[in-house]
Amino acid sequence: MASPLLPSSSSRDSTDSPPPPLSTPSEIDYLASVGSRPPPTAATPAAPATAEDTAPSAHPLVPGAAPIPNETVANDEDSDSDLGDAPEVLILSPSVLRKEEHLFTFRAVFVGCLLGSIISASNMYLGLTVGWHFGGALFGSIVGFAILKPLSRVLPLYAGGGYFGPKENCTVQSTASAAGGLSVGFVSAIPALYRLGLMSPKLTQDVGALILWSLAAAYFGLFFAIPLRRYFILKQKLVFPSPTVSAKTIQSLHDSSDGEHAGRAKAKVLMYAFLASFLFKCVSWWMPVLHEWHVLYYIGRATSSNALMLADVMWKWKIQIGGAFVGAGMLVGANTATSFFAGSVLSWAIFGPVLLMTGVVATSFGFPASLDPSKPLSPEKFQAQITAQYWILWPGVALMIATSFSELGARGPSLWRGIRGAAVESYTSIISLFKRTNPSATSAPKARFDAKSDDPHADHVQLLPLEADPVTGKVDENVRRRSIEEILEKRRSLDVVGSTGVDPIDEEEEDPAGPDEQVPVLWWSIGLLMSCTFTVLVLYFFFKIPPGQGLLAILVGFLLAFVGIQASGETDINPTGSIGKTSQFLFSAIRSDSMAQMLRTNLIAGQVASACASQTVDMVGDLKTAHLLRASPRSQFLAQAVGSLVAVFISVGLFVLFGVAYPCILTGPTAAVSSSNGTAIAAPAECPFAAPAVASWTAVSVALTAGVSKTIPITAAYAALSALLLSIVFTIIKYLVVPARYRGYLPNLNALGIAMVNPQPHIGISLAIGAIANAAWKAHHPHHWEKYAFAVASGLIAGEGIAGIVEAVYALAGLKRESITFRGGIPNATDIAMVQGWKMGYGAH
């Protein structure tokens, strides 16, 4: 049943949105039932809705009114999100219903772009380190409120003052989300192109191509999201947990003085966490012992235990506290964090040492000296250069891919429903557009409302209450009459449709946005056509991909975006990795004259699909937040367009900064090789960024293009096959055997696979510390945890992300950490060389 909505002050034509079926209680019936009650006043604000609002709740604007039945949301009982049972529609408060004159404002967009820059830097840092990224909607909502709400009171109108409400706050978060959401490609496929030698030797030579590629990736997802709003938000009414929480947060911030005070307190805590993480990271660069603790090394040294010292020096088992990963552990939860830690233990404390001791691998970390399929090593030299990191990479990648696809397969019916429904909706939209341009297609008369007429449809609206402004208390009679006329027009259209034998669309919620708030069809249709054309041209001229293949990559991306939206709407998980890998598998069948071009096509095609899914899901999520807050879709679209443009230059600039400062991101860790026999003799110099997503994309592309037999050690191939089968069996047992209430205790195989690809065990330790601290905080102080946990975690992540930029500037300035910083408590190069020399007696080599 469509959720009852209070009449809006914006007029809408009855043909703009399908009416609810006559067999269900309508808006008129509900309003008639409360019509005799007095209108609300500003002195009685509604309490903000929370994520637990699943039971019917009282009408927020009419004291003593009958409860409004919350919308039942289609959501799997085993949703991976704790927010899965959040109600689909907010209980609208006075702050949301208040008319806001201007939503798309300079102040909102400017602040949103600034916050998006912070989000982008944090995601670039996290993506290159651990392969994850976090949405910036909540961060933009809270910090944007903390900045603009006080300024709106003290500044004059011409300088950015004036009323700042929840709808404009939504514009801030949409801009921030768009400005910070374009880093996905720069932590996965783009660096993989450099590792395979498919781009220019110098990163700075490709700045123009990277900007054009980013422009293409930013906008076809934006334009494609607009026509999907009706199906996924209005008709399916998917939950979209994170956007729903963003809407609830924004509404609570604006509902009352208490909400405003709570918002300022959250922002203050976030800023304290940001400063603490930023300063700790910057200071610890000069004094590494503050955050880097070699416990096993010094215990081994004190007890003469070579094994403990080897665990530190060779397998990197040290404690390295990082604010970003402690914060990430707080956000991802205990299950994901402990699964990641377990994957680190399995990989770098069990599998790696066993492989080295048995002679299967030559050393601990690094990759073979050449992964270029066009210049393959001899089988003997290739086998002699196999490292534990390269061997473990393959079962880790198999585990990630198989788990992602298995989870999608478990939700197959709902995903198929989403894809099929979106396709049908696209077809009906085209037919609807044709009918609108053809007057003969619809001949239903439109009668004007006359309050004195004997209209048979007017019997339910005589008790419609006067609509009072929640702030001024004044009544606008014209608003009420327009609302009544709109309702009656809707009833008449139902009668006309029924007489023609055409059934109305069932279960579609009435669109609260008026025609003047919608994104014009010409905007998104022409924009989509132009962005697709632009993308094909960029792929052809800069990446040598034929137009036909470029267009196919876009079409595959659009189809897979349906999967991403459906999965994200139900579970809050956007499977961009699986989507990219699916496109890679599909394009591996396309052969080219050169191996280099086959690799380039495989990576770029996968990145097109991944970028399309990532951007489309982010945009639809922002439109969901706007829908719940009754904000204008057009304003959010414009905000996203500006934010996406800013994101292009921010993302490219950050990638160039990190890539020039840390060349290991683009070259990959290559093990030191003996010049006499080509055997790997030592692990590479440690790189601050493991870039697990880059390693995964590189490995899959090489394997699919050159063939498994030439790129994967036979024992690693068997291990990868075992991991694939394990994932499938595990998923089947999870959904068919284990009760839903216990599934949250099962390990997260995807996180375990990421840990196997990430050769930095200290990250798993930091994630576990964050998750344990978060659980203890929630158990002992649940009230404070609920108020401040997200603020603390976001501040920690953002602070270290910005500090990472400072460290990159240090590297560009030529500062050598080993020579100018205080190294007390850190093993020196002589000690490390001595310990690494002991590996001759540690294994077969």
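Scanning both residues, Ala703 and Thr711, for their nearest heavy atoms gives CA-OG1, 3.7 Å. Nearest heavy-atom pair, Ser568 versus Val617, reported as atom, atom and distance to 0.1 Å: OG-CG1, 3.4 Å. Looking at every heavy atom in both residues, Ser651 comes nearest to Phe186 through CB-CE1, 3.7 Å. Shortest non-hydrogen contact noted between Cys612 and Ala561 is SG-CB, 4.1 Å. Annotation for Ala771 and Ala334: closest pair CB-CA, 3.8 Å, computed over non-hydrogen atoms. Considering all non-hydrogen atoms of both residues, Ala362 and Leu356 come closest at O-CD1, 3.7 Å.
Checked by atom type and distance alone, the side chain of Ser583 never pairs as donor or acceptor with a backbone atom of Gly580 at under 3.5 Å. The backbone N or O of Asn748 lies less than 3.5 Å from a partner atom in the side chain of Ser339, making a donor-acceptor pair. Between the side chain of Glu800 and the backbone N or O of Ala324 there is at least one donor-acceptor pair closer than 3.5 Å. Side chain of Ser284 to backbone of Lys281: a donor-acceptor contact under 3.5 angstrom is found. Remark: the backbone N or O of Ile665 is paired with a side-chain donor or acceptor of Arg195 at under 3.5 angstrom. Side-chain N or O atoms of Thr601 include one that pairs as donor or acceptor with a backbone N or O of Gln597 at under 3.5 Å. Within the 3.5 Å criterion, the main-chain N or O of Gln584 finds a donor-acceptor partner in the side chain of Asn602. Checked by atom type and distance alone, the side chain of Thr387 pairs as donor or acceptor with a backbone atom of Gly366 at under 3.5 Å. In this structure, Arg600 contributes its side chain and Ile545 its backbone to no donor-acceptor pair below 3.5 Å.
Ring orientation note: the planes of Tyr297 and His294 are nearly perpendicular, at an angle over 60° on the 30°/60° scale. In this structure, Trp285 and Tyr810 have tilted ring planes: the angle between them lies in the 30° to 60° band. Between Phe655 and Tyr194, the angle of the ring planes lies from 30° to 60°, which puts this pair in the tilted group.
Under the 3.5 Å distance criterion, with hydrogens and angles disregarded, a donor-acceptor pair is assigned to the side chains of Thr715 and Trp391. For the 3.5 Å distance criterion, the side chains of Glu807 and Tyr125 fail to qualify, holding no donor opposite an acceptor. For the residue pair Thr403 / Ser727, a side-chain donor-acceptor distance below 3.5 Å is found, with atom types taken as modelled.
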Evaluate the criterion side-chain contact (heavy atoms from CB on, under 4.5 Å) for residue pair Asn335 and Leu746; output intermediate values, then yes/no. CA-CA 8 Å; Asn335 182 277; Leu746 298 177; 5.5 Å; no
Using side-chain contact (heavy atoms from CB on, under 4.5 Å), reason through Leu182 and Gln615 one step at a time and then give a plain yes or no. CA-CA 8 Å; Leu182 202 58; Gln615 291 298 103; 3.9 Å; yes
Determine whether Gln607 and Trp697 satisfy the following criterion, side-chain contact (heavy atoms from CB on, under 4.5 Å), listing intermediate values before the conclusion. CA-CA 10 Å; Gln607 183 53 38; Trp697 280 72; 4.0 Å; yes
For Ile590 and Met598, run side-chain contact (heavy atoms from CB on, under 4.5 Å): C-alpha distance rounded to whole Å, both residues' side-chain angles, the deciding distance at 0.1 Å, then the answer. CA-CA 8 Å; Ile590 298 178; Met598 291 170 60; over 6 Å; no
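For the atom pair CG of Leu198 and CG of Leu193, the computed distance is 5.5 Å after rounding to the nearest 0.5 Å. Expressed to the nearest 0.5 Å, how far CD1 of Ile392 lies from OG of Ser364 amounts to 10.0 Å. From Ser200, atom OG reaches atom CG of Asp206 across 3.5 Å, with rounding to the nearest 0.5 Å. Once rounded to the nearest 0.5 Å, the distance linking CD1 of Ile650 with CE of Met124 reads 10.0 Å. Separating the CD1 atom in Ile763 from the CD atom in Gln320 is a distance of 8.5 Å, to the nearest 0.5 Å. A distance of 4.5 Å separates CD1 of Ile728 from CG of Leu724, quoted to the nearest 0.5 Å.
Within the 6.0 Å centre-distance limit, the rings of Phe365 and Trp348 are counted as a close aromatic pair.
Side chains of Ile190 and Trp213 form a contact here, defined as non-hydrogen atoms less than 4.5 Å apart. At a threshold of 4.5 Å between non-hydrogen side-chain atoms, the residues Glu407 and Tyr735 count as touching. Two residues are said to be in side-chain contact when any heavy atoms from C-beta on lie closer than 4.5 Å; Val184 and Asn123 fail this criterion. At a threshold of 4.5 Å between non-hydrogen side-chain atoms, the residues Leu196 and Val702 count as touching. Within the 4.5 Å cutoff, no side-chain heavy atoms of Ile797 are placed close to those of Phe139. Considering only heavy atoms from C-beta on, Met400 comes within 4.5 Å of Val757 through its side chain. Counting heavy atoms from C-beta on, the side chains of Ser183 and Leu654 never come closer than 4.5 Å. Residues Phe325 and Leu796 are not in side-chain contact: their nearest non-hydrogen atoms beyond the backbone lie 4.5 Å or more apart.
Evaluation of the side-chain hydrogen bond (donor to acceptor under 3.5 Å, both in side chains) test over residues 766-775, restricted to residues two or more places apart or in two chains, returns Asn774-Trp785.
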